[in-house]
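Everything below concerns the one structure shown next.
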Amino acid sequence: MPPGARLAELHARVNGWYVREGRDLPWRDADCSPWGVFLSEVMAQQTPLSRVEPVWREWMERWPTPAALATAAPGDAVRAWGRLGYPRRALRLHEAATVMVERHGGNVPDSHEELLGLPGVGAYTAAAVACFAFGEPEVVVDTNVRRVLARAVEGRAFPHLTLTRAESALARDCMPLERERANTWNVAVMELGALVCVARGPRCEDCPVADLCAWNLAGRPAYDGPARRGQAWHGTDRQVRGEILQRLRTAHGPVVLGLLEDAGPDRAQVMRCLDSLVADGLVEPLSRKRFRLPG
DNA sequence: AAGCCGTGGCA
DNA sequence: TTGCCAAGGCT
């Protein structure tokens with residue numbers, strides 16, 4: 001990307017904006033544990049932070065350390081997950097806590113590589129935890145960062161459908177070299193994407209780099225790439241799985257099959273979804289006709 | 001590597 | 001109402 005002076009200006013503006021406007025989220029507190037950061041990153045996957053915060057507080061109070069969660073039944077994690085969505089994340093969090101106890105002395109590992117070895121942790125989460133919990137200058141690329149760079153640098157309304165090598169390289173090249181600035185930059189760009197450079201209705205009037213933004217300078221041209229295919233919902237297995245799990249969450253003990261069969265209009269589909277939930281470890285069959293969250 | 005995996009708010 | 005989108009990961 002741009003020559004050094006332009007890049008330095010970008011860093012100064014974005015980092016300065018973040019210091020003024022960044023949200024005071026609990027996992028951003030200086031005294032928040034790495035476990036708290038780890039929890040927040042997994043909960044935030046594909047999930048608005050407004051929904052994450054109350055659940056995060058409950059979990060931190062109930063399971064303040066990896067060891068505490070590892071001691072709980074996986075089903076307790078699934079129930080406490082509530083309706084955050086993608087409940088397999090709750091299961092993986094429980095598994096990750098177990099791995100931390102067994103292989104990392106009960107601590108969240110501090111390297112990108114070790115973090116990547118944990119269930120439910122991919123490139124983004126590993127980088128985010130290494131950076132936000134341990135100060136490592138990893139390249140953090142999430143949907144917000146991708147959108148900000150697509151606009152500010154590439155002059156496009158949205159990034160490509162999938163993360164490309166070129167995008168990762170661009171993100172790396174845009175990061176400040178100095179360690180502390182790099183750490184602030186990572187949160188700051190994400191925050192800018194979350195609050196100002198949003199997907200729909202970007203608030204360019206409030207953007208600290210509007211006069212440096214390639215997309216804004218080009219007159220904010222419309223997105224011209226391939227259509228982003230939205231995911232269907234009504235009638236899908238995901239909807240039925242969600243309904244089955246919700247019934248098990250709200251029940252306190254085992255639930256008989258008869259109370260699950262009408263979780264969707266198609267009984268065959270419901271049975272298929274029940275099987276897939278069992279296969280995923282989200283549901284435990286006590287017999288052919290009684291089910292509960294995994295104990 | 002495209003498709004699947006929840007849920008709810010907002011335009 | 002319908003579709004889009006949200007601090008992605010896994011197969």
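Note that the structure is a prediction, hence the values are computed from the model and not measured. Per chain, numbering begins at 1; letters A, B, ... match sequence-line order.
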To the nearest Å, give me how far apart CE (A/M190) and P (C/dC5) are. 18 Å

Distance-only, no hydrogens or angles: does the A/S40 side chain make a donor-acceptor pair with backbone N or O of A/F38 under 3.5 Å? no

Along DNA chain C (nearest heavy atom to each residue), the more 5'-positioned of A/V121 and A/R23: A/R23

Would you mind classifying the nucleic acid contact of A/R146 as base, sugar-phosphate or nothing, using non-hydrogen atoms under 4.0 angstrom? nothing

Distance check needed: C/dA6 C1' versus A/L195 CG, whole Å only. 13 Å

When we call it a touch if two heavy atoms are under 4.0 Å apart, what does A/A128 touch: a base, just sugar-phosphate, or nothing? nothing

Using the side chain to side chain donor-acceptor pair (under 3.5 Å) rule, collect all pairs that involve residues 95-110 of chain A, keeping only residues at least two apart or in two chains. none

Taking the P atom of each, how far is B/dG6 from C/dT11, in whole Å? 14 Å

For A/R228 and C/dG8, give me the distance from atom CZ to atom P, rounded to whole Å. 11 Å

Is the NZ or CZ atom of A/R151 both under 6.0 Å from the centre of the six-membered ring of A/F158 and within 45° of that ring's axis? yes

Is there a path of hydrophobic side-chain contacts, each under 4.5 Å between heavy atoms, that joins A/V255 and A/M271? yes

Just how far, in rounded Å, is C1' of C/dG8 from CG of A/L163? 11 Å

Each nucleotide in nucleotides 5-11 of chain B should get exactly one letter: B, S or -. Can you fill that in based on protein heavy atoms under 4.0 Å? BBBBB--

Look at all strands and tell whether A/V42 reaches a base, only sugar-phosphate, or nothing, counting heavy atoms closer than 4.0 Å. nothing

Using atom P in both nucleotides, what's the gap between C/dA7 and B/dC10 to the nearest angstrom? 14 Å

Are the side chain of A/W215 and the backbone N or O of A/E154 linked by a donor-acceptor pair below 3.5 Å? no

Do the side chains of A/L39 and A/V78 join up, straight or via other hydrophobic residues, at under 4.5 Å, putting them in one cluster? no

When the distance from CG of A/L39 to C1' of C/dA7 is rounded to whole Å, what number comes out? 14 Å

Gap in Å between the two P atoms, one belonging to C/dC4 and one to B/dC4, rounded: 16 Å

Atom CG of A/L161 and atom P of C/dC4 are separated, to the nearest Å, by 12 Å

Donor-acceptor check, side chain of A/D29 to backbone of A/D31, threshold 3.5 angstrom: yes or no? no

Pick base, sugar-phosphate or nothing for A/W27, based on heavy-atom distances below 4.0 Å to the nucleic acid. base

